[in-house]
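Throughout, residue positions are numbered sequentially from 1 according to the sequence presented. Numbering of ligands and ligand atoms starts at 1, following listing order. The figures here come from the full heavy-atom set of this structure, side chains too, leaving out hydrogens, waters and symmetry mates.
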Amino acid sequence: MYDRLIFNLSDEDSNIVSLPENNFPISLKECLKNENRRDENLSLPVVSEIDLLRHFIHLSLKNHHLQKGFYPLGSCTMKYNPVINEDIAQEPGFTNLHPYQDEEDVQGMLEIMYELQEMLLRITGFSGISLQPVAGAHGEFAGMLIIRDYLRSKGENRKKMLIPDSAHGTNPASATLAGFKTVELKSDENGEIDIEDLKNKMDSDTAGIMLTNPNTLGIFESKIEEISQIVHKNGGLIYMDGANLNALMGLVKPGKIGFDILHINLHKTFSTPHGGGGPGAGAIAVVEKLKDFLPPYVVGFKDGKYFLDYPSNSIGSLHSFYGNVNIMIRAWAYIKVMGKDGLKEASQMAIINANYIKKKLENYYELPYKTETMHEVVFSGRKYKKEYNVTTLDIAKRLLDYGFHAPTVYFPLIVSEAMMIEPTETESKKTLDSFIDAMIRINDEAKNKPEKVKNSPVNTPVSRPDDIYALKKLDVNYYGQSK
Ligand SMILES: *Cc1c(COP(=O)(O)O)cnc(C)c1O
């Protein structure tokens, strides 16, 4: 019965919910004008508390989620979010805050933001930071405006931004929105930046480069110092896409190895659930010379108080108020609980887990790049497509039958039939082994029973929804019995 909509479960007789007495001093009739009042009661389902719970638990089990099973999405770090962070973020002292409150009244929240700023600066090795951007892409956009304004302050109006062909799609989008013309950089046969290509393209009209490190193949750009020299010698700046910092915490400080700006997705590395597209927090950190261009940040303890302030050449506010503070609280709690050693260990475990999967699967799935990888590994399924007409999408779908979410597929774009696997640090060897087992079995099925893979999934409530149709014609309304 819980397969039905909650409206179908509705039964006036099951109304055993006890709500507190309404002790609001004036009645609704008094505060609402006549024309704003409903003619009829709102048509809400009436169910008992236990039916309500069962209904939503039932629904939640139809979907795949981290609490239900392994979720190895590469690049996106679908890592486990410790429940203590959720607990802390739900303290009434936080949830009852209002952004219009005077700074005097939100000193506790501002102190947390200040501490988070300081901790992130220590983790990344930069000099200044703003927590205001509300997504990774938003942080990138802020970074692009900072580069633009910094160069303008020196009387330069450079137009081009270099972006590797392995980059996340948001990189060229952010650079374009900020008014730059993007120029694509090639990857070499190791999956790293092609240095010759960089030398040829880094000219006096080039504002800089956007780099992801480790890049989206999971490979650490080993020539970062040479890249830094080439770009800086030509008057450009180096932006790092740090959406995924899961390989670097406690191991590498981007601010100390040549990068000028970095954005950090707090909602990826620093543990906030982010399936379904948000909300996020894309903190932006910079070296000393760019501090003056940051969006607003919390200034520590002047006259005994914390407050939000703009530096003199700020690119301005990018969002209303402070940004998404609830995500900042989770990141703050996560870092506090983990501590310096804990964060380092998390990155080390994330790297070991990815390399364990890589080693165990490399004899079955093709590795297009043999270079050492860090927290994620990218395989190609082109062999299966060519020889057995089984695509990477089919393999991804079949994984659902085995109880695993698919890895990221068809990204990065430089790998055909790509499968990008990022296990993260919290998964046990047992879980990794059962995932590896499923991948090996699917490899076998693809060769011997390709139809089984092509017709999957069979164990899920819906087999293969038409993604495009769902996107274009999404309709989540309930029209009730009356229509
Ligand atoms: C997720 C991601 C982004 C974009 O972050 P959003 O918060 O989704 O805007 C950018 N770059 C990389 C490498 C990412 O993984």
Verdict with reasoning, Tyr297 to Tyr114, per ring pair (Phe, Tyr, Trp, His ring centres under 6.0 Å):
CA-CA 8 Å; Tyr297 52 86; Tyr114 183 77; 9.4 Å; no
Any nitrogen or oxygen of His263, side chain or backbone, less than 3.5 Å from one on ligand 1?
no
Would you call Lys430 and Asp433 a salt bridge, using N to O less than 4.0 angstrom?
no
Ignoring hydrogens and angles, state whether a donor on the side chain of Thr212 or Asn215 is under 3.5 Å from an acceptor on the partner side chain.
no
With a 3.5 Å cut-off and no angle check, do the side chains of Glu376 and Ser75 form a donor-acceptor pair?
no
Any atom of ligand 1 sitting under 4.0 Å from a heavy atom of His138?
no
Might you check, step by step, whether the distance between atom 11 (N) of ligand 1 and some protein heavy atom is under 4.0 Å?
yes
Rounded distance [0.5 Å steps], CZ in Phe270 versus CG in Asn81
13.0 Å
Does His267, backbone or side chain, put an N or O under 3.5 Å from an N or O of ligand 1?
yes
Taking N or O atoms only and a 3.5 Å limit, does Asn171 qualify as a polar contact for ligand 1?
no
Show the atoms of ligand 1 that are less than 4.0 angstrom away from any heavy atom in Ser75.
13 (C), 14 (C), 15 (O)
With a cut-off of 4.0 Å, which atoms of ligand 1 are near a heavy atom of Lys268?
1 (C), 2 (C), 3 (C), 5 (O), 14 (C), 15 (O)
With a 4.0 Å cut-off on heavy atoms, is Asn244 touching ligand 1?
no
Among side-chain atoms of Asn85 and Ser271, is any donor-acceptor pair under 3.5 angstrom?
yes
Looking only at protein heavy atoms, what sits closest to atom 13 (C) of ligand 1 is Asp241 OD2, 3.5 Å
How far is atom 9 (O) of ligand 1 from the closest protein heavy atom, and which atom is that?
Ala137 N, 2.8 Å
Could you please spell out the steps behind the ring pair (Phe, Tyr, Trp, His ring centres under 6.0 Å) verdict for Tyr365 and Tyr384?
CA-CA 9 Å; Tyr365 292 86; Tyr384 299 95; 5.3 Å; yes
Whether the Asn313 and Asp149 side chains hold a donor-acceptor pair (N or O, under 3.5 Å, no angle test) is what I'd like checked.
no
Atoms in ligand 1 flagged as close to Glu140, the criterion being non-hydrogen separation under 4.0 Å
10 (C), 11 (N)
Checking side-chain polar atoms at under 3.5 Å, does Tyr322 have a donor or acceptor matched by the opposite partner on Gln132?
no
Considering heavy atoms of the protein only, find what lies nearest to atom 6 (P) of ligand 1 and give residue, atom and distance to 0.1 Å.
Gly136 N, 3.4 Å
Any heavy atom of Ala243 under 4.0 Å from ligand 1? The part involved is side chain
Are more than 12 heavy atoms from other residues, nucleotides or ligands located less than 6.0 Å from atom CD1 of Ile84?
no
Mind checking whether Ala135 has an N or O less than 3.5 Å away from an N or O of ligand 1?
no
When distances are taken from atom 5 (O) of ligand 1, the protein heavy atom at minimum range is Asn265 ND2, 3.0 Å
